[in-house]
Colleague: 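Attaching a single structure in structure tokens format; questions to follow.
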Amino acid sequence: MKIKNICCIGAGYVGGPTMAVIAQKNPHINVTVVDINEKRIAAWNDEDVENIPIYEPGLSAVVKEARGTNLFFSTDVDAAIDKADMIFISVNTPTKTYGVGKGMAADLKYIELCARQIAEVAKDNKIIVEKSTLPVRTAEALKSILDNTGNGVNFQILSNPEFLAEGTAVEDLLDPDRVLIGGNVNTEAGREAMQALVDVYAQWVPQEQILTTNVWSSELSKLTANAFLAQRVSSINAMSELCEHTGADINEISKAIGMDSRIGPKFLQASIGFGGSCFQKDILNLIYIAKSYGLNEVADYWEQVIIMNNHQKRRFAEKIVKTLFNTVSGKKIALFGWAFKKDTNDTRESAAIYVADYLLNEQAEIVVYDPKVSEEQIYSDLNYLGTRSEQENRKLVTVVRDPYQVCEEAHAVAILTEWVEFKELNWQSIYDNMLKPAFFFDGRKLLNKRKMEDLGFNFYMIGE
Ligand SMILES: NC(=O)c1ccc[n+]([C@@H]2O[C@H](COP(=O)([O-])OP(=O)(O)OC[C@H]3O[C@@H](n4cnc5c(N)ncnc54)[C@H](O)[C@@H]3O)[C@@H](O)[C@H]2O)c1
Ligand SMILES: O=c1ccn([C@@H]2O[C@H](COP(=O)(O)OP(=O)(O)O[C@H]3O[C@H](CO)[C@@H](O)[C@H](O)[C@H]3O)[C@@H](O)[C@H]2O)c(=O)[nH]1
């Protein structure tokens, strides 16, 4: 079975980049990415490709190549569903904020809406691909909705979780460690559907890196991968605190243990705690699933990863207050970076939001500089917490577009995102314009402690 038309529902951080690469590598397939967010679709269609809604290194070039040829962005969801032989569901699956499972379970309302819309529109057989991250056994619910509300056509459901990381999305899509495809291996139709999706990826991914499994293993592998990755970050962050009390250096420890081939060197960077739209949401979901099967020890085990992460964010903010003579009230503190990691404009669950909120509760005056995050996004992140009124947030927080301006008359500087450009700044001139003693808190281990101390800073580095 050869796929001619693909539809992807959800033009976000996953749907956009993933479909751009699939279209670029499959010129014989028409790919239409649809979304109900008109502003987002308009931005994907902006004449100037630099204005696409997501900042990812290399993405605009891929979009430029395929857009208008075999890659289209549209708000006409029904038309795209109708035409497609394969439909990717790539909508958001955030943590529930209401009802049963509030604060833990994944909210599947957008997924269900997609299923009902597909069932209503589809007039011929279709392959449905779960691209969103979903609780294990969601395919069963999807199948039930599709079969019970559809027009009698046949739906094959595949799980194809996405493993790209933001900031390296294009690189990860072009050269993935593996592509995972789960499906109904017990039927001919199931195997055919899986092969059709294998063929799409095989245009650029070596066959041996395309892994096929049963659908439940595929769904659960995604949550497992994120739990393991986040666990490494919490593990190294736990050791960073012990380092600060013992004279050990967390970078030296990371190197020493990472050289053990059984451990490996990646994801051992101590930080102010992990952020991003996935790790916390997916681990909370995993905890909820374990609890729903009565597996309380399993749930407690993974919960510790979140507890440690919350502690790391809080203790960084506490360190700032303690060091500034136990009060930051009325003191200007310059925050460098707001995104949850470098090379992205995404701020979801960024540790910066929580550090800023803590300092604002202590009545600090905050000034923020981030090279890619907009002023409105920063206010919106703080307002979303609901800790104080919008007016207060606007009064206490200033967003600037010049990294030198951010530090004028500041008592302290804190690095919250590891943007490479922060290394190149003229820190001497920044030091000269700050109040003294000038305090520096490096939450990303970005700068050289000794050099910064030589410039005159009182320098604190995570894990040292
Ligand atoms: N962001 C990542 O790095 C990443 C990586 C791997 C997997 N994931 C998973 O992929 C999924 C999507 O994540 P994202 O970051 O792209 O989210 P996102 O919020 O950036 O994008 C989702 C889009 O879906 C749209 N949408 C929601 N309901 C819709 C509907 N009924 N019809 C049409 N459009 C609809 C929204 O308007 C939004 O633009 C999530 O399940 C996430 O866990 C994300
Ligand atoms: O050694 C490390 C590695 C990461 N982080 C932090 O951890 C968070 C997540 O980083 P990363 O995993 O690189 O970015 P994400 O885009 O959140 O990607 C994760 O989440 C995605 C969504 O599920 C998955 O697809 C990816 O495989 C998985 O890496 C960020 O705040 C990082 O700063 C650290 O503090 N130390």
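First listed ligand is number 1; within each ligand, the first listed atom is number 1.
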Colleague: Ring centres under 6.0 Å, that's the criterion: do Phe336 and Trp427 meet it?
Modeller: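 Ring-ring flag for Phe336/Trp427: true, centres closer than 6.0 Å.
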
Colleague: Would you say the side-chain atoms of Asn151 pair up with the backbone N or O of Val153, donor to acceptor, closer than 3.5 Å?
Modeller: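 Pair absent, no side-chain N/O of Asn151 close to backbone of Val153.
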
Colleague: State whether Tyr55 and Lys372 meet the cation-pi test: NZ (Lys) or CZ (Arg) under 6.0 Å from the six-membered ring centroid, and within 45° of the perpendicular axis.
Modeller: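 Judged by the rule, Lys372 and Tyr55 form a cation-pi pair.
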
Colleague: Sub-3.5 Å donor-acceptor pair from the side chain of Asp82 to the main-chain atoms of Asp78, do we have one?
Modeller: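 Not confirmed, Asp82 side chain does not pair with Asp78 backbone.
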
Colleague: Classify the ring geometry between Phe228 and Trp302 as parallel (under 30°), tilted (30 to 60°) or perpendicular (over 60°).
Modeller: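 Rings of Phe228 and Trp302: tilted, as their planes differ by 30° to 60°.
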
Colleague: Less than 4.0 angstrom from a charged side-chain N to a carboxylate O is my criterion; do Glu418 and Lys342 meet it?
Modeller: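 Lys342 and Glu418: not salt-bridged.
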
Colleague: Can you tell me if Asp442 uses its side chain to pair, donor with acceptor, with the backbone of Leu446 under 3.5 Å?
Modeller: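 Confirmed, Asp442 side chain pairs with Leu446 backbone.
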
Colleague: Output yes when a side-chain donor or acceptor of Ser292 lies under 3.5 Å from a complementary backbone atom of Ile289, and no otherwise.
Modeller: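 Yes; judged by distance alone, with no hydrogens or angles, the pair exists.
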
Colleague: Any nitrogen or oxygen of Arg348, side chain or backbone, less than 3.5 Å from one on ligand 1?
Modeller: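 Yes, there is a polar N/O contact under 3.5 Å.
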
Colleague: At what distance is the nearest protein heavy atom to atom 27 (C) of ligand 1, and which residue and atom is it?
Modeller: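 It is Asn92 OD1, 3.3 Å.
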
Colleague: Which residue owns the protein heavy atom closest to atom 4 (C) of ligand 1, what's the atom, and how far is it?
Modeller: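 The closest heavy atom on the protein side is Val14 CG2, 3.2 Å.
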
Colleague: Taking only heavy atoms of Tyr13 into account, list the atoms of ligand 1 that are under 4.0 Å away from them.
Modeller: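 Listed by number with element, the hits are 1 (N), 14 (P), 15 (O), 16 (O), 20 (O).
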
Colleague: Can you name the atoms of ligand 1, numbered from 1 with element, that are less than 4.0 Å from a heavy atom of Ser277?
Modeller: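 Counting atoms of ligand 1 from 1, those under 4.0 Å from Ser277 are 1 (N).
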
Colleague: Tell me whether the centres of the aromatic rings in Trp338 and Tyr369 are closer together than 6.0 Å.
Modeller: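 No, ring centres 6.0 Å or more apart.
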
Colleague: Honestly, is Lys449 close enough over Phe459, meaning NZ or CZ under 6.0 Å from the six-membered ring centre and within 45° of the axis?
Modeller: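 No.
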
Colleague: With respect to atom 11 (C) of ligand 1, which of Thr93, Val91, Asp172 exhibits the smallest heavy-atom separation?
Modeller: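 Minimum heavy-atom distance to atom 11 (C) of ligand 1 goes to Val91.
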
Colleague: Output the list of atoms in ligand 1 that are nearer than 4.0 Å to some heavy atom of Glu166, sorted by atom number.
Modeller: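 Answer, ordered by atom number: 1 (N), 2 (C), 3 (O).
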
Colleague: Within 45 degrees of the ring normal and closer than 6.0 Å to the centroid, is that where the cationic atom of Arg178 sits relative to Phe163?
Modeller: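 The answer is yes; both the distance and angle limits are met.
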
Colleague: Does Lys96 have any salt bridge (charged side-chain N to carboxylate O under 4.0 Å, His left out) partners at least two apart in sequence or in another chain, and if so, which?
Modeller: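 With neighbours one apart ignored, the set is empty.
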
Colleague: May I ask you to list the atoms of ligand 1 that are less than 4.0 angstrom from any heavy atom of Ser90?
Modeller: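 It comes down to these atoms of ligand 1: 12 (C), 22 (C).
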
Colleague: Should the proximity of Ile9 to ligand 1, defined as any heavy atom under 4.0 Å, be assigned to the side chain, the backbone, both, or neither?
Modeller: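 Ile9 to ligand 1: side-chain contact only, backbone stays beyond 4.0 Å.
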
Colleague: Can you list the ligand 1 atoms lying under 4.0 Å from a non-hydrogen atom of Glu162?
Modeller: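 Numbered from 1, ligand 1 contributes 6 (C), 7 (C).
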
Colleague: What do we get for Lys222 next to ligand 1 when only non-hydrogen atoms under 4.0 Å count, side chain, backbone, both or neither?
Modeller: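 Contact part for Lys222 vs ligand 1: side chain (C-beta onward).
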
Colleague: I need the nearest protein heavy-atom contact for atom 21 (O) of ligand 1: residue, atom name and distance, please.
Modeller: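 Nearest neighbour among protein heavy atoms for atom 21 (O) of ligand 1, to 0.1 Å: Gly12 CA, 3.3 Å.
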
Colleague: Name the residues in contact with ligand 2, where contact means a heavy atom under 4.0 Å away: which are they?
Modeller: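 Those residues closer than 4.0 Å to ligand 2 by some heavy atom are Glu162, Phe163, Leu164, Ala165, Glu166, Lys222, Asn226, Leu229, Val233, Phe267, Leu268, Gln269, Ser271, Phe274, Gly275, Cys278, Phe279, Asp282, Phe340, Lys341, Arg444.
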
Colleague: Taking 4.0 angstrom as the limit and counting only heavy atoms of Arg40, give me the atoms of ligand 1 inside it, by number and element.
Modeller: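 Those qualifying, in numeric order: 18 (P), 19 (O), 20 (O), 21 (O), 38 (C), 39 (O).
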
Colleague: State plainly whether the residues Asp124 and Lys126 are in salt-bridge range, i.e. N to O under 4.0 Å.
Modeller: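 Salt bridge between Asp124 and Lys126, a charged N being under 4.0 Å from a carboxylate O: yes.
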
Colleague: Quick one: does any side-chain atom of Arg232 pair with a main-chain N or O of Lys266 as donor and acceptor, under 3.5 Å?
Modeller: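 Yes; at least one donor-acceptor contact below 3.5 Å.
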
Colleague: How far is atom 43 (O) of ligand 1 from its nearest protein heavy atom, and which residue and atom name does that atom have?
Modeller: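 Among all protein heavy atoms, the one nearest atom 43 (O) of ligand 1 is Lys281 NZ, 2.6 Å.
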
Colleague: Among all protein heavy atoms in this structure, tell me which lies nearest to atom 23 (C) of ligand 1, with the distance rounded to 0.1 Å.
Modeller: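 Answer for atom 23 (C) of ligand 1: Asp35 OD2, 3.4 Å.
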
Colleague: Atoms of ligand 1 less than 4.0 Å from Cys278 heavy atoms?
Modeller: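 It comes down to these atoms of ligand 1: 2 (C), 4 (C), 44 (C).
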
Colleague: Considering both backbone and side-chain atoms of Thr133, is one of its nitrogen or oxygen atoms within less than 3.5 Å of a nitrogen or oxygen in ligand 1?
Modeller: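 By distance alone, the answer is yes.
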
Colleague: For atom 31 (N) of ligand 1, what's the nearest protein heavy atom and its distance?
Modeller: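 Ranked first by proximity to atom 31 (N) of ligand 1 is Cys114 SG, 3.9 Å.
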
Colleague: Do the side chains of Lys131 and Ile89 get nearer than 4.5 Å, heavy atoms only?
Modeller: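 They are not in contact (no side-chain heavy atoms under 4.5 Å apart), so the answer is no.
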
Colleague: Could you pull out, from Val34, Thr18, Ile36, the option with a heavy atom nearest to atom 30 (C) of ligand 1?
Modeller: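 Residue with the shortest heavy-atom distance to the ligand atom: Ile36.
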
